[in-house]
Each structure stands twice: as C-alpha cells, then as structure tokens.
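Since this is a predicted model, take the numbers as computed values, not measurements.
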Amino acid sequence: MTRLALRGDLLDFTGLPALGDVDSPAVRFRPDHWLLIEDGRIVAVQAEAPGEDWRREDHRGRLILPGFVDTHVHCPQLDVIASYGATLLDWLQTYTFPAEQRFADPAVARAGAELFLDALLAHGTTAAVVFATVHAVSAEALFEAASVRGMRIITGKVLMDRHAPEGLRDDVEGARRDCEAQIARWHGQGRNAFAVTVRFAITSTPAQLAMAGQLLQRHEGLYMQTHVAENTDEVRWVRELFPEARSYLDVYHRHGLLNERAVLAHGIWLDEADRTLLHDTGAHIAFCPTSNLFLGSGLFDWQAARSQGHGVSMATDVGGGTSLSMLRTLAEAYKVQALRGTRLTAWSALHAATLGAAQALHLDHELGRLEAGCMADLAVWDWAVGPVARHRDAVARGAVSPLPAQSLHARAFAWMTQGDDRNLVASYVAGRLHHHRTGSSGEPV
C-alpha cells in the first residue's frame, strides 16, 4: 500500500462554466490544500496536514490540476510536426503518409510509441485519444507502452482502404480481423480502450465504413474516432464520393458511426443540422486550434456548438498541430474564438481539457477531477516562469503596489496564455511520478 500527500493550490471543476463567465460557480479552487493518494486513487482533500504515515511532497505556491486529456493526437506525426507550407490534403501526401509508412516496422512503432507517451507526460497530459497508423503493430505498440505507464489510452489501428499510397492501405476483411484481435486483447484490459479508427471518409470505401459500424454494434463500449469537416477542399471531395449523403457528418451517421463515444476532430465546416445530429447522437467535436490555424483550415465555432448543445473537448492534433502543450493549445483556442467574436474564459478552456473531456469520453468517474475515488492522474505547475510571467502573476495576486489584486481568473488566464511545458513541475499517473522537471544539475526542481 502506497500513501502520498501532495500540497498545493488545487484547481478543478464541478460543472460546465459559461463561455464568458469569469466568476463561474463551476470553478473549484482550494488553495494550500493537501491531496491524499492511496494505491493510485485520490482518497481525500483536506486543509490540514496528514499524519506522519503519509509521504509528503510540499508544492506550496504551485498549481495542482487534473492531468490534461488530449482527445485527438497522432502518435506517428512527431516526425512531421512544424513542417512548412501545406494545406490539409497536401499535408497528408507530402508529410504525413510518408512518416506513417515507417510504422510498419515493429521497432519503429515501439520506439515511436514510447517517445510519444513520454512526450505527452512531459507536457502534463496523462490521457489521450490517439491515432496510430494502418499497421496493426502501431496500435499494439501504443497499448503496450501505455500499459507499462498505467495511462488511459484510447486507440486502434487506422482504417484506410483507398486513396492512400501503397503500404498504407488495408482491405475490409483484413482490417476486420485486425480490429477483432485488438478488441479481444486490449479493450477493457487495464486502462486501455479500443477505438474504431476511420481515418476520414475519403480513405474508406462504403464497405469499410459499414464494417466499422458493425464493429461498434457488435462490441459494447467501443469508441469511434475520425476527422470531419476540417477543410473546404476535403468537404467538397466527400460530397463527390458520397452524393447520397446530406453532409460530411451524415456519411458517418448513415454507416452507424455516430454514438455517445464518437470523437470527431475539427468540425469546422458544419451547419445547424449537423450540430443537432451531434447533440442527438451524443457525439462530440475535438477542437484543434493550433492545427486549424497552422494548416489554414478555418475557425471553429464554439458558440454554435454550445447553442446546439453538443460537447466540445480540446486536442493538440500533433503533427498538424504545432505543440503537445495543452496550454499553448488553449491560448490559441482563445484567439480563434476571439476572431469569431466570442471571449473564451480560462475556465471554459481548462474545463474542456479536463473534466469536459472526461465527461465526453464517459470517464469522469476516473479522470478530470481532484476528488475522492478518481484516479490520481494529475500535474503540478508553476504559476509563472521567467521574469515577465512572474511579474504578471504578481500583479494578478495584488503583490505589486499600488496595483490592486485582480482575480483568480486573471491569474489563471495569464498562466494559460503565457505558460507551456516549462511551467510543468511533475506529472503523476495513478499516483506514480512519471515526469519531473530537472535543473541544470540534473536534480529535481
């Protein structure tokens, strides 16, 4: 039995903050509290110090949050992050597909999975919905590496049987066998979950999409992940390939792929009927702001999503996205929404990357909260790093005279806007330390 107590400023959520409410009652802030962890789960939160039988780590003056949940990210695309000058369809042909072909090699897949998961942890992300490649071995490597680390990972081999280069195409029956084998071996084993993973409608024939829908019907509790309505050229091509469908989203609906565990990345070019369909089926959109800006795809309409009542979570979408840092991603989300005329609070953004993501994945009993019974997946952060950020934080705290204290939101928004992985002190998965910042001497700081 292991007992660990962490001291710090605890921040999480009890509900859904309004997009523009800086004083949201859904925010739960418990400064200078102790978080008690036993056998991988949170057992208590208290103001007083625990007994001597607890191992204590004192992070006074630091921020403790639930670990971030990245709901759309590509393991094999670390090779191509920050590649120059392409829109979505060019990006796939020029950068992504060649990088993914390498993952047919089991050694490359294993090394890639380990690097990727460790990189997530080094950015404060403790759970993720992940695209592997079309090769079964790439998803196997992710499941294996996540099991060693105790991480909650949702993934599965990618389905692509057309409009992809040699070495990245499968076929319907071969893909079915691979998926069935991975479901039997990994789904529900430890913290692993299988996702039926359709690359996007363009790279799957109607027969393969139908097979994917059959898998969801046959096996209870599977997830489904794919892309939808990211780019106008993509939308136009889907319309040509599926003229019978009302919309891009309707292609997936017609094949039985929309349900309450469906995660659809991007969702920029949707209409009101599409958003109603998302609400009615329980599917949600993974908002990928850095990718949408970097590839010039468009500006996601979060206010419209709220108005139609469907869920939104946050995603880095590396390598179209430019960083695994959820803080950088949230800062870009604010800018995207500002361009649409909506002022996104830190609370709405952080909620979508923690409790909101967990709720969308039906994992809020396990993730996204600092509450007794939840897994101790969490991250410890410095409020500010560097002279400018430290000065800004001091202003927000009222420590700079004669400037008055601002608010908790002002402090959190400055942290979210200026912070990145340099602010991360430590990441824990199920109460185990998996990443700790070190100084120039190699010692923890």
Side-chain angles (χ1 to χ4, degrees), residues 12-19 24 26 65-73 120 125-131 151-156 187 191-198 216 220-230 249 252-253 257-268 270 274-289 291-292 300-317 321 326 329-330 333 337 344 347-369 371 374-375 377:
D12 66 348
F13 299 90
T14 60
L16 176 65
L19 287 180
S24 173
L65 262 76
F68 287 131
V69 182
D70 191 337
T71 55
H72 179 71
V73 60
L120 287 182
T125 297
T126 56
V129 183
V130 185
F131 263 66
M151 296 175 71
R152 165 60 75 175
I153 291 294
I154 299 169
T155 192
H187 185 63
R191 302 183 74 186
N192 294 303
F194 185 84
V196 175
T197 303
V198 176
L216 291 175
E220 184 177 356
L222 296 187
Y223 290 87
M224 195 286 294
Q225 61 173 337
T226 191
H227 302 80
V228 68
E230 177 179 358
L249 185 69
Y252 297 133
H253 185 49
L257 296 175
L258 298 186
N259 60 32
E260 62 182 11
R261 285 182 168 79
V263 183
L264 298 110
H266 307 293
I268 299 170
L270 301 177
D274 289 326
R275 296 187 183 98
T276 299
L277 181 58
L278 289 170
H279 170 269
D280 292 346
T281 58
H284 86 275
I285 294 295
F287 174 28
C288 309
S291 173
N292 298 159
F300 174 71
D301 191 342
W302 202 329
Q303 185 62 63
R306 280 287 182 94
S307 298
Q308 296 299 117
H310 72 76
V312 177
S313 61
M314 293 302 308
T316 63
D317 191 27
M326 192 60 77
T329 301
L330 300 182
Q337 296 314 302
L344 184 69
W347 306 142
S348 290
L350 288 167
H351 175 272
T354 55
L355 178 60
Q359 290 172 330
L361 298 172
H362 297 271
L363 292 172
D364 49 306
H365 63 287
E366 172 189 336
L367 304 173
R369 297 179 293 157
E371 195 165 298
C374 291
M375 297 296 289
D377 294 354

Kindly compute the distance separating OH (Y252) from CG (L264), expressed to the nearest 0.5 Å.
7.0 Å

Could you give the distance from CZ (R261) to CD1 (I154), rounded to the nearest 0.5 Å?
9.0 Å

For S291 and E230, which heavy atoms make the closest approach, and how far apart are they?
OG-OE2, 4.1 Å

Can you confirm whether T226 sits close enough to T197 that some side-chain heavy atom of one is under 4.5 Å from a side-chain heavy atom of the other?
no

Looking only at heavy atoms, the pair that brings A265 and C288 closest together is CB-SG, 4.3 Å

Sub-3.5 Å donor-acceptor pair from the side chain of T125 to the main-chain atoms of V69, do we have one?
no

Do you know the tightest heavy-atom contact between P66 and G368?
CG-O, 3.4 Å

To the nearest 0.5 Å, what is the distance between CG (L277) and CG (L249)?
5.0 Å

What's the separation between atom NE2 in H253 and atom CG in N259, rounded to the nearest 0.5 Å?
11.5 Å

Shortest non-hydrogen pair, R369 vs C374, comes out as NH2-SG, 3.6 Å

Do L120 and F68 touch side chain to side chain, with heavy atoms closer than 4.5 Å?
no

Run the side chain to side chain contact (heavy atoms under 4.5 Å, CB included) test on L330 and M314 for me, step by step, so that the C-alpha distance in whole Å, both residues' side-chain angles and the decisive distance to 0.1 Å come before the verdict.
CA-CA 8 Å; L330 300 182; M314 293 302 308; 3.6 Å; yes

Just by modelled atom types, is the G15 backbone N or O under 3.5 Å from a matching donor or acceptor in the H351 side chain?
yes

Tell me, with the steps shown, if L16 and R306 meet side chain to side chain contact (heavy atoms under 4.5 Å, CB included).
CA-CA 11 Å; L16 176 65; R306 280 287 182 94; 3.2 Å; yes

Verify whether the ring centers belonging to Y223 and H187 lie closer than 6.0 Å.
no

Going by the salt bridge (charged side-chain N to carboxylate O under 4.0 Å, His left out) test, which pairs reach into residues 349-366, not counting sequence neighbours?
R152-E366, R191-E366

Can you give me the closest heavy-atom contact between A128 and V73, atom names plus distance?
CB-CG1, 4.2 Å

Can you confirm if the aromatic rings of H266 and H227 lie within a centre distance of less than 6.0 Å?
yes

Taking all atoms of both residues into account, what is the closest heavy-atom pair of V130 and T155, and its distance?
O-OG1, 2.7 Å

If I take atom CD from residue Q308 and atom CG from residue L270, how far apart are they, to the nearest 0.5 angstrom?
10.5 Å

CG (L355) and CD (E371) are apart, to the nearest 0.5 Å, by 9.0 Å

I would like to know whether T126 and L367 meet side chain to side chain contact (heavy atoms under 4.5 Å, CB included); could you show each step before the answer?
CA-CA 9 Å; T126 56; L367 304 173; 5.6 Å; no

Sequence neighbours excluded, which residues qualify as side-chain hydrogen bond (donor to acceptor under 3.5 Å, both in side chains) partners of S307?
none

Between S348 (side chain) and L344 (backbone), is there a donor-acceptor pair under 3.5 Å?
no

Is any side-chain heavy atom of F131 closer than 4.5 Å to one of H72?
yes

Taking the side chain as every heavy atom from C-beta outward, state whether M224 and V263 have any atom pair closer than 4.5 Å.
no

Partner set under salt bridge (Lys or Arg N to Asp or Glu O under 4.0 Å) for D317, not counting sequence neighbours:
none

So V129 and L361, side chain to side chain contact (heavy atoms under 4.5 Å, CB included) or not? Walk me through it.
CA-CA 9 Å; V129 183; L361 298 172; 3.9 Å; yes

Between S313 and H284, a side-chain donor and acceptor under 3.5 Å
yes

Classify the side-chain pair T316/D70 by whether it contains a donor and acceptor separated by less than 3.5 Å.
yes

Quick check against the 3.5 Å criterion: does Q337 have a side-chain atom that pairs as donor or acceptor with the backbone of W302?
yes

